[in-house]
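Reckoned from all heavy atoms, side chains included, excluding hydrogens, waters and symmetry mates. Order of the sequence lines sets the chain letters (A, B, ...), proteins ahead of strands, with each chain counted from 1. Note that the coordinates shown come from a computational prediction; the quantities given were computed from them, not determined experimentally.
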Amino acid sequence: MRQSQSFGQTLREAPGDAEVASHQLLLRAAYIRQIGSGLFSFLPLAYRSIKKIENILREEIDAIGGQEILMPVVHPADLWKETGRWFEIGKELARFQDMGGRDMVLAMTHEETIGDLTHKEIRSYRQLPQLIYHIQTKFRDEARPRAGLIRTREFTMKDSYSLDADYEGLDRQYRNHYQAYFNIFNRVGLPVIAVKSDVGMMGGSLAHEYMYLTPIGEDTLIVCDSCGYSSNRQVAVFRKPEAPVEEALPAEKVATPGTKTIEALAQFLGIPSSRTGKAVFFTATFVNKDESSGTETRYDRLVLAIVRGDMEANETKISNAVKAVELRPAQTEEIRAAGAVPGYASATGINALVLVDDLVSRTPNLVVGANEEGFHLKNVNYGRDYTADIVADIAAANGGEPCVNCGEPLRASRGVEVGNIFKLGTKYSEAFGANFLDKDGQSKPVIMGSYGIGSGRLLACVAEEFRDKDGLMWPVSIAPYHVHLVMLNSNNPVVSETAERLYRELRKAGLEVLFDDRSEATPGVKFADSDLLGMPLRLVVSDRSLKTNSIEFKQRSQSERQSVPVEESVSKARSVIDMLFAELQAQVVPVPYKD
RNA sequence: CGGGGCGUAGCACAGCCCGGUAGUGCGCUUGCUUUGGGAGCAAGAAGUCGUAGGUUCGAAUCCUAUCGCCCCGACCA
């Protein structure tokens, strides 16, 4: 490509509304342009990279048996009503009506269309297993898009779906993806870790997220540097301290005026906060589905969660424990309406679903609220003085706690989710009656998994990781072009003839070349643009270099320059690019599966 | 959805408090001179000051409403 003809102009300054480095650089280097909140156009350079990412995705998914298909972005709402997600998902699911007044949705993901296809195509265990995938636009009307391409509303995702006759088959496909995803990230050079995650709106039994660790990330991860345990904070577990072994003492009501917080209470009584129980209220939304009429009704219920006073409640764990479709902190009026006294609440005598952390249930002689303004109860014991509807691990890990595996302190880190894999099970196949006949002639639901990687977010993460103060530094595998051929002194016919010849011959050697043939730009502008655009290898043809009959080579990631005789420059460029590919390929190694 | 900030030329911003000719730098066009790290000189083009309404002789500036964008949080396969 001749730069004199290329579409899109580099910017000397970043637009003011870009804060994150990758966003600023992609804008400045004319890779992307914003059209609205969370809506971006990909200009030619970015789109070349995106296509390379997509091809890597295709190669790795094909390698584990994938077959590429394409499903529409616009779906009849009926499909989403079948699975219930039409009702469960809030405003982020974009809905509209077609000409005939039929409800339609813009796809956030494609489990519904896969469920429908599976129902239509799969009859027999002989047709299983299957792995199908597509690369398609999704739309999620996010409340807050952010950080350029990191979180957009419209985005393109490679999503694959596995169909199996049994759970062993699902496990095999899940593990295949586990490794294939590492291969994909390694091929673009992006360092990631796989962490266990919440299944969220997807449902299912097990999920991993692939996280790129970066301070700009929006997820919090809990990792163990010692044994490698890693988890999204939403579901992170940790080794809880042993409960003290004590005789249960008689319960006793004590006046504790003005102690609405745990800190105040502990100080007032002169005890550590670990000897208290912390009561936190949430309002959970549940859905009741009437199978006969197919109608769904939603209702709210107050949830009281009790964790030890020195710990925090984890909303995701609570939501999962009570199986709510939605959970939010309760408002004071809702708490009072249930007969509870905020600041002095107890588990007894109130109208709420009571959820107690497992550590709390084992801990004797706690101090908890008396459900009376200004009073607490001492020496409260689970079973004797109160009970719970559910006992579960609902405490949040914040970093610093002992690792559940090895006991070493955990560490909190920020990350961006660049991929995820889910064991869905039969949620979607059951919703669509996607059954098959097994060997014994029995009808069984197809067992599904789903697996996603967003191409634009991946591009942004790579840009975030590989850059310096002057610009982007693409890994060769997804660089828009391999070589940036920069011509200075174009008014010298020897220079321009040499540059033109190199442009032809480099391409003949199979290299992708961006040719800065602009005659009006000064050397300074050309060097600055070259650094900004970030191709892996830069070749400079100039008066100066031709005086020694050579071409100047410089890798974007290195500071040294090298003079290469003109006649050797094509083969030298070829070998440098081959070497860069080989370096990336060397990182593609088997990764032990971690459950 | 809660909190905060910002909308003035393609980009970055000043002007607004205190109403009175719409500005600066970069970029863009033309010409000449330049050519190894964002050149110089000269001459140009380009903005209904987000939108609507109000106050006023007069509004980028004051008032009201509204739309958009960004950041923090909530939410989020």
Study note, to complete from the structure: Sequence neighbours excluded, the answer for salt bridge (Lys or Arg N to Asp or Glu O under 4.0 Å) partners of A:Lys317 is A:Asp393
Study note, to complete from the structure: Tightest non-hydrogen contact, residues A:Lys278 and A:Met311, listed as NZ-O, 2.8 Å
Review point. Side chains of A:Asp164 and A:Gln173: is there a donor and an acceptor less than 3.5 Å apart?
Key: yes
Review point. Can you list the residues that meet the side-chain hydrogen bond (donor to acceptor under 3.5 Å, both in side chains) rule with A:Arg414, with sequence neighbours excluded?
Key: A:Thr220
Review point. Can you pull the ring pair (Phe, Tyr, Trp, His ring centres under 6.0 Å) pairs that have at least one residue in residues 12-37 of chain A, sequence neighbours excluded?
Key: A:His23-A:Phe40, A:Tyr31-A:Trp474
Exercise for review: Could you tell me how the ring of A:His110 sits relative to the ring of A:His75: parallel (under 30°), tilted (30 to 60°) or perpendicular (over 60°)?
Suggested key: perpendicular
Review point. When you compare B:U56 with B:U61, how far apart are their C1' atoms, in angstrom units rounded to a whole number?
Key: 13 Å
**Study point:** Which residues share a salt bridge (Lys or Arg N to Asp or Glu O under 4.0 Å) with A:Arg153, sequence neighbours left out
**Key:** A:Asp141
Review point. Base, sugar-phosphate, or nothing for A:Asp529, non-hydrogen atoms under 4.0 angstrom?
Key: base
Point to revise | Length of the line joining A:Gln34:CD and B:G68:C1', which is rounded to integer Å | key: 11 Å
Practice item. Go through the structure and list residues passing side-chain hydrogen bond (donor to acceptor under 3.5 Å, both in side chains) with A:Asp103, not counting sequence neighbours. Key: A:Lys81, A:Gln97
Point to revise | Whole-Å P distance, B:A9 and B:A43 | key: 25 Å
If you restrict it to nitrogen or oxygen atoms, what contacts under 3.5 Å exist between nucleotides 35-37 of chain B and the protein, and what is each distance?
unit_1 : atom_1 : unit_2   : atom_2 : d
B:U35  : O2'    : A:Asn489 : ND2    : 2.5
B:G36  : O2'    : A:Arg544 : NH2    : 2.4
B:G36  : N7     : A:Ser542 : OG     : 3.3
B:G36  : O6     : A:Ser542 : OG     : 2.1
B:G36  : N1     : A:Glu552 : OE1    : 2.9
B:G36  : N2     : A:Glu552 : OE1    : 2.5
B:G36  : N2     : A:Glu552 : OE2    : 3.1
B:G36  : N2     : A:Arg561 : NH1    : 2.8
B:G37  : O6     : A:Arg538 : NH1    : 3.2
B:G37  : O6     : A:Arg538 : NH2    : 3.0
B:G37  : O6     : A:Arg561 : NH2    : 2.8
B:G37  : N1     : A:Asp531 : OD2    : 3.2
B:G37  : N2     : A:Asp531 : OD2    : 2.3

Point to revise | Side-chain donor-acceptor contact under 3.5 Å, A:Tyr181 with A:Asn183 | key: no
Review point. How is A:Gly36 classified with respect to the nucleic acid when contacts are heavy atoms under 4.0 Å: base, sugar-phosphate, or nothing?
Key: sugar-phosphate
Point to revise | Nearest-Å distance once atom P is located in both B:C16 and B:C26 | key: 23 Å
**Study point:** Any residue meeting salt bridge (Lys or Arg N to Asp or Glu O under 4.0 Å) with A:Arg561, in chain and number order, not counting sequence neighbours
**Key:** A:Glu552
**Study point:** B:U55 and B:C72, which share atom name C1', separated by this distance in whole Å
**Key:** 37 Å
With 3.5 Å as the limit, what N/O pairs link the protein to nucleotides 71-75 of chain B?
unit_1 : atom_1 : unit_2   : atom_2 : d
B:C71  : OP1    : A:Ala147 : N      : 3.3
B:C72  : OP2    : A:Arg144 : NH1    : 3.2
B:C72  : OP2    : A:Arg144 : NH2    : 2.6
B:G73  : N7     : A:Arg144 : NE     : 3.4
B:C75  : OP1    : A:Glu315 : OE1    : 3.1
B:C75  : N3     : A:Arg151 : NH2    : 3.2

Review point. Can you give one letter per nucleotide of nucleotides 24-30 of chain B, 5' to 3': B if a protein heavy atom sits under 4.0 Å from the base, S if only from the sugar-phosphate, - if neither?
Key: -BSSS--
**Study point:** Spacing of the C1' atoms in B:C28 and B:A45 (rounded, Å)
**Key:** 8 Å
**Study point:** Interatomic distance, A:Phe155 CZ vs B:C76 C1' [rounded to whole Å]
**Key:** 10 Å
**Study point:** B:U29 to B:A46 separation - P atoms, rounded to the nearest Å
**Key:** 15 Å
Practice item. With C1' as the reference atom in both, quote the distance from B:C41 to B:U48 in angstrom, rounded to an integer. Key: 35 Å
Check your understanding: When all nucleic acid strands are considered with a 4.0 Å heavy-atom cut-off, which category describes A:Ala14: base, sugar-phosphate, or nothing?
Key -> sugar-phosphate
Review point. With A:Glu417, which residues qualify under salt bridge (Lys or Arg N to Asp or Glu O under 4.0 Å), at least two apart?
Key: none
Practice item. With P as the reference atom in both, quote the distance from B:G23 to B:G31 in angstrom, rounded to an integer. Key: 27 Å
Exercise for review: Determine which nucleotide pairs with B:A42, using a 3.5 Å limit on both distances of a Watson-Crick or G-U wobble pair.
Suggested key: B:U30
Practice item. Please report, rounded to the nearest Å, how far the P atom of B:G10 is from the CG atom of A:Leu43. Key: 17 Å
Practice item. Kindly indicate whether a cation-pi arrangement holds for A:Arg95 with A:Trp80, taking the cut-offs as under 6.0 Å to the six-membered ring centre and within 45° of the axis. Key: no
Revision key, fill the gap. Between A:Ile453 and A:Leu532, the residue closer to the 5' end of RNA chain B by nearest nucleotide is A:Leu532
Review point. Now, which nucleotide makes the Watson-Crick or G-U wobble pair with B:C57, with each of the two distances under 3.5 Å?
Key: B:G20
Exercise for review: Would you mind reading off the distance between A:Arg153 atom CZ and B:C70 atom C1', rounded to a whole angstrom?
Suggested key: 14 Å
Review point. Can you tell me the Watson-Crick or wobble partner of B:A52, both distances under 3.5 angstrom?
Key: B:U64
Check your understanding: For A:Ile150 and B:C70, what is the distance between atoms CD1 and P respectively, to the nearest whole Å?
Key -> 14 Å
Review point. For B:G2, which nucleotide is its Watson-Crick or G-U wobble mate, given both distances must be under 3.5 Å?
Key: B:C72
Point to revise | Residues that A:Tyr503 engages under ring-ring contact (aromatic ring centres under 6.0 Å, His included), provided they are two or more places apart | key: A:Phe515
Practice item. Using atom CZ of A:Phe139 as one end and atom P of B:C76 as the other, report the distance to the nearest whole Å. Key: 18 Å
Point to revise | Protein-nucleotide distance (A:Lys526, atom NZ; B:A39, atom C1'), rounded to Å | key: 14 Å
Exercise for review: Name the nucleic acid region contacted by A:Gly452, choosing base, sugar-phosphate or nothing; use a 4.0 angstrom heavy-atom cut-off, strictly under.
Suggested key: nothing
Practice item. Quick one: list whatever passes ring-ring contact (aromatic ring centres under 6.0 Å, His included) with A:His119, sequence neighbours left out. Key: none
Practice item. In whole angstrom, give the distance that lies between atom CG of A:Asn492 and atom C1' of B:U34. Key: 15 Å
